[in-house]
Colleague: 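The following block contains the structure, expressed as structure tokens.
All ligand and atom numbering here is 1-based and tracks the order in the structure. Model, not experiment: these values are computed from the prediction.
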Amino acid sequence: MKIIMLGAPGAGKGTQAKKLATKYGIPHISTGDIFRANIKNGTELGAKAKVYMDQGLLVPDELVVCLVVDRFKKSDCEKGYVLDGFPRTIPQAKELDEALAKNGDAVEYAIDVDVTDAEIISRMSGRRACVGCGATYHVKSVPPKKEGICDVCGANLILRDDDKPETVEKRLKVYHDQTQPLIEYYQAKGILKSIDGSIGLENIFKEIVKIVEA
Ligand code: AP5
Ligand code: MG
């Protein structure tokens, strides 16, 4: 099962990708999470990525594609994977297609979670992320049991640097300019499925399950 989650920043890609990964026993591959782990561990890749991420810009394609293609080589990817935040540009999508085609493979579903810009801005300001394990919460819609503390690992919850309002606006613009064209790209391939992202977490998940089990 090879799934791509599409959607604006804050649309809920990560939330749904984690649920899919758990249900189907496939890895959740988030390029954003990979970069944040690299930043936390002080790697060279992390230092390079941080410069772009903090400004709400995309990390250059050449730093992203090899990372993902390499990740596919791990044995846990044999049954498939759910990609979250990749591809994010047309060149990334084309490189992904080429890399998969070498093994006679292709993406099966591109699932777009559609949310208005106004809703995105409200979600991002309420999102809290765990500094320990990366789990995400929302102060209103997905609150932790104890305020400011992760249910999973007990570490502190923070507002991500790039979730500050001025950066969110920039990320939305970058999304509309560089990532939204992927919707047409996957539509032309006949694998695009669009879901209304305002129907609540569990309903969105049910819709996705219906699509992949159809
Ligand atoms: P990344 O980490 O991928 O950020 P993003 O795309 O901006 O997406 P988010 O993680 O912010 O949102 P999400 O859609 O996962 O939403 P979530 O489920 O958390 O990337 C960060 C940066 O890394 C990029 O800006 C870029 O610089 C770089 N990067 C990464 N990949 C790259 C690539 N391929 N190429 C180049 N650069 C790359 O949900 C959001 C909030 O809403 C949460 O609080 C959640 O609890 C809540 N929520 C979720 N669903 C619902 C719902 N249905 N109803 C109400 N609340 C909900
Ligand atoms: Mg995410």
Side-chain angles (χ1 to χ4, degrees), residues 4-21 28-39 45-46 48-69 71 82-96 111-130 134-144 150-151 157-164 167-180 182 195-208:
I4 292 176
M5 295 303 301
L6 293 175
K13 301 180 295 294
T15 302
Q16 299 298 331
K18 278 177 201 143
K19 288 168 77 70
L20 283 168
H28 163 214
I29 304 176
S30 156
T31 39
D33 287 351
I34 295 173
F35 288 135
R36 280 184 289 277
N38 274 274
I39 293 171
L45 175 66
K48 283 186 187 158
K50 191 174 187 318
V51 176
Y52 299 93
M53 291 170 74
D54 283 353
Q55 296 179 68
L57 300 173
L58 295 184
V59 175
D61 290 341
E62 59 273 21
L63 291 182
V64 188
V65 177
C66 320
L67 199 78
V68 178
V69 172
R71 177 66 184 81
V82 44
L83 293 177
D84 161 17
F86 179 91
R88 233 181 175 94
T89 62
I90 296 281
Q92 287 182 18
K94 287 187 176 160
E95 289 204 44
L96 172 65
I111 298 175
D112 177 47
V113 185
D114 188 22
V115 178
T116 63
D117 285 9
E119 170 71 14
I120 297 283
I121 291 167
S122 126
R123 281 193 196 175
M124 307 297 247
S125 58
R127 173 165 58 185
R128 295 295 177 270
C130 173
T136 47
Y137 300 85
H138 188 278
V139 289
K140 287 200 191 116
S141 57
V142 193
C150 179
D151 293 350
L157 302 180
I158 53 150
L159 180 71
R160 253 168 57 181
D161 278 344
D162 60 347
D163 279 351
K164 296 186 174 133
T167 317
V168 170
E169 271 175 39
K170 181 94 134 308
R171 283 162 69 197
L172 272 171
K173 184 174 183 320
V174 167
Y175 167 76
H176 290 303
D177 291 348
Q178 299 191 51
T179 308
Q180 213 169 16
L182 290 176
I195 296 179
D196 175 356
S198 69
I199 58 177
L201 262 168
E202 291 306 329
N203 288 329
I204 297 172
F205 188 60
K206 277 187 202 146
E207 290 297 313
I208 299 178

Colleague: Step by step, work out the salt bridge (charged side-chain N to carboxylate O under 4.0 Å, His left out) result for D163 and R171.
Modeller: CA-CA 9 Å; D163 279 351; R171 283 162 69 197; 2.8 Å; yes
Colleague: I'd like to know if the side chain of E119 and the backbone of A11 have a donor-acceptor N/O pair within less than 3.5 Å.
Modeller: no
Colleague: Name the atoms and distances for all side-chain donor-acceptor pairs under 3.5 Å in residues 86-94, with sequence neighbours left out.
Modeller:
residue	atom	partner	partner atom	Å
R88	NH1	G85	O	2.8
T89	OG1	D61	OD1	3.1
T89	OG1	D61	OD2	3.4
T89	OG1	Q92	N	3.1
Q92	OE1	R88	N	2.9
Q92	NE2	D61	OD1	2.9

Colleague: Could you grab the distance from atom CD1 of I204 to atom CD of E207, nearest 0.5 Å is fine?
Modeller: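 With rounding to 0.5 Å, CD1 (I204) is 9.0 Å from CD (E207).
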Colleague: Salt bridge (Lys or Arg N to Asp or Glu O under 4.0 Å) with K18: which residues, sequence neighbours excluded?
Modeller: none
Colleague: What residues form a salt bridge (Lys or Arg N to Asp or Glu O under 4.0 Å) with D33, not counting sequence neighbours?
Modeller: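 For D33 the salt bridge (Lys or Arg N to Asp or Glu O under 4.0 Å) partners, ignoring immediate neighbours, are R36.
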Colleague: Select all protein residues for which some heavy-atom-to-ligand 1 distance is less than 4.0 Å, and list them by chain and number.
Modeller: A8, P9, G10, A11, G12, K13, G14, T15, T31, G32, F35, R36, M53, L57, L58, V59, V64, G85, F86, R88, Q92, R123, M124, R127, Y137, H138, S141, V142, R160, D162, R171, G197, G200, L201, I204
